[in-house]
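Below: the structure, in structure tokens.
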Amino acid sequence: MILARRAEAMFWAGRYLERAQQTARLVDVTYHSVLERPAQEPSGEWSEVMRALVVEGSFASRGNGAVVEDVDAVLRFLVDDPDNPSSVRSCLTSARGNVRSVREHVSAEFWTAVNDLYLTLQARDVPAELRAEPYELLSVVRRRSQQIYGAAADTMLRDEGWAFQTLGRQLERAAAMTRLIDVRLDRFVDSDAPASFHQWATVLRSAGALEAYRWVHGHSMDPRDAVDFLLLSGEHPRSVLFCLRAAEDCLDRLGPGGRAARRVGRVRAALDYRTVGEVLDRGLHSFLGEVLEAIDETASRIAGEFFDSWTVGPVTSVAAR
Amino acid sequence: MFTDYDRGNGFYDEVFDADGSPRPHYRLLLRRLKELTTGELAAREQLRDQLFRSQGITFTVYGEDDGVERTFPMDLIPRIIPWDEWQIVEEGVAQRIDALNRFLEDLYVGERAAIRDGIIPWWVVVSADGFKREAAGIELPHQARCLVAGIDLVRDDEGTYRVLEDNVRNPSGISYVLENRAAMTRVLPRVFASQQVEPVDHYGRLLLDALRSVAPAGAGDEPMIVVLTPGVFNSAYFEHVFLARQMGVQLVEGRDLVVDDHAVFMRTTTGLQRVDVIYRRIDDDFLDPVVFDPSSVLGVPGLVGAMRAGTVTIANAIGNGVADDKAVYAYVPELIRYYLGAEPILPNVTTYLLWDPDQRAHVLDNLDQMVVKPVAASGGYGLVMGPSASDEELATAREQLLAEPRAFVAQDVVSLSRHPTLVGGDRLAGRHVDLRPFAVTGDTTRTIPGGLTRVALREGSLVVNSSQGGGSKDTWVLAADSPSWEHIDTDVEVGTT
């Protein structure tokens, strides 16, 4: 049995920690990709990143005249801006706040790891580092995020709190990957202009999947193979299918047969029983749109089923007297 | 270590008698301590600091910048109480709690016999801040209103234990008792092992048993018990977490609970779960916005209604603040005689009630030798120590107590007993101490052996509260069959100026 408030805190801690790590990776890869890019290749990576992180609108509407070509402004916005709820700083602050509110129910190692990363970011002059050389800061965020996960996995009871945290993490990861495929890969599918090697590597690095992809698909630069890997792989821990399966496992444990479990089960099945050819025949972009919608719906059903503070009414589980 | 120690006079020294010789029950400790080199002692202190820091045993001090979290310093030299002395304390505390429970039950549910028979005036009772009309008619199983009680004791210059104050609303500090003991066994294991010290780690069990015993009728064999906390920003939050863990029960905040049809439920992910007993660490005023302070967001609307309907038991009961009141404290010995037909085992400290003209005159004539205390304060706040107060402070105190005699009491300054305490390096000096035993009452009263010995760390200070810069010591009650160590030669004698 777990208090609704606690479950919600763990769920959002999982989501925010994943989002922080994902954002850091994306920014890191894009920044260095732009540096190394052959001059004749089109730019536009930063606006892609904004779309992938769903912050294009809020960047534009900040109204301070910053444009996406102003890399300094973009970096600060994505990494450091407290008014951007999805910046790395905001994500870590929210994650830490959530974990702190349930501190007595998580392991000391997990809390310490989260708190330490938050404090590290507070202590550094982030804008200066972003201007000079963002690699070290971003790599600290990435590595320590992994350490956080490792500490948690190593020390925490596999109870409902753990399941909610995992659920949040996996749904966040699935959504992020879906958007990434849409924004970075879709244009190369069925296109006459194939990806250059550089673009290809950028896509896969953004997904944290370059080396794993090479193990499975060698040096193939066929976009179909990339979609197959990033969307449908049963073995790569970042693939959309892998994450949805993990989320479904959590929900089968927490609320078997419930509305959220059924919704995620449906979308998981949609991926499980299709080949990449069938997905592409349907149209990748629209298919990915449906997957995103399903993930969003699952998240809101989770809130309704588990968190939304039980309004007083029919009582569904009371000890018999 | 003891070469410069001055036992002084005018105080009872816990370790050294009037001639400067160590009391028998401390002799073995002193022998063991002498075996520690200066370097070893320093190393042990560092280990202790490390333990406390990594466990996060902190409390928040209000009134400082940021409400900083600090560790509650534990001095390495334990305070030792022999078994027969402890028996007196234990019985005296149980007697006092029994009388208070009877008084409170009589007041809120009974005929108010003590008031009717002139033992304590009605107006004194109802003018206490902690008096709550809302408690009227709400019975407690076993009359266990003071389920957790912290009866603070001091020793006067003759070595007599006296009750300094009764804390029966929300006494805290037990977590320090348990953590101090755990630290001592890690930091000075050989010293500890050489004696037979009564354990304290069963407190969680005692508390859980008491809470079970007050479950409402119909709660079944496994009543649902929770600890209700105001949340992470409360200064004692660490202790709330600690107790919930010790007992293996849920820690909840007000927003996790909901009252429906006069029963209390917990919001879980699988539905509303009925709650039977709440160990609440929230003051009365914030407990239920429907009945008490409507602006409080810490409590549970309708909670008092549920209590009244008998579907949930709250510990400690509401309205206990009457007994915390320092003016009511003055009547407790009479209440013991009235309700129990027995002489109080533990006497009070002489207390003057300021609405009585003779007592007031005496106090005003001797203000610089008195302690003036607000009747409703806790944590040592608002105290005026006559002997060390400035002329302005005394003048202000005089004005205040003339303006509102009901709001203050005055007491003779008690020369609290002193205990050797490490004050830097391996230097020992005498510091004033008190004792807060923790008693848990369900169907019967059980006391943790020892309790919290608080130390006023500043030289000459008599104020021991954590919020005022106090520290603590591990408190050892020796087993009943401990050998007498009178024959042990410690080579320690100290000066008595």
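All chains are named by letter (A, B, ...) in the order of the sequence lines, taking the proteins before the strands, and each is independently numbered beginning at 1.
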Which atom names give the shortest non-hydrogen contact between [X] and [Y], and what distance separates them?
X: A:L3; Y: B:L251; answer: CD1-O, 3.6 Å
X: A:A7; Y: B:T269; answer: CB-CG2, 3.4 Å
X: A:R6; Y: B:Q250; answer: NH1-OE1, 3.0 Å

A:E8 portion near chain B, given a 4.5 angstrom heavy-atom threshold | neither

May I ask you to name which of B:M266, B:R245, B:M224, B:E253 has the most heavy-atom pairs under 4.5 Å with chain A?
->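 The candidate making the most pairs under 4.5 Å is B:E253.
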
Would you say [atom1] of [X] has more than 12 non-hydrogen atoms from neighbouring residues, nucleotides or ligands within 6.0 angstrom?
X: B:E45; atom1: CD; value: yes
X: B:H142; atom1: NE2; value: yes
X: B:Q46; atom1: CD; value: no
X: A:R259; atom1: CZ; value: no
X: A:E293; atom1: CD; value: no

Calculate, to the nearest 0.5 Å, the distance between atoms [atom1] and [atom2] belonging to [X] and [Y] respectively.
X: A:R5; Y: B:R255; atom1: CZ; atom2: CZ; result: 4.5 Å
X: B:T229; Y: A:E104; atom1: OG1; atom2: CD; result: 8.5 Å
X: B:Q273; Y: A:I2; atom1: CD; atom2: CD1; result: 13.5 Å

B:Y237, part contacting chain A, at a heavy-atom distance under 4.5 Å | side chain

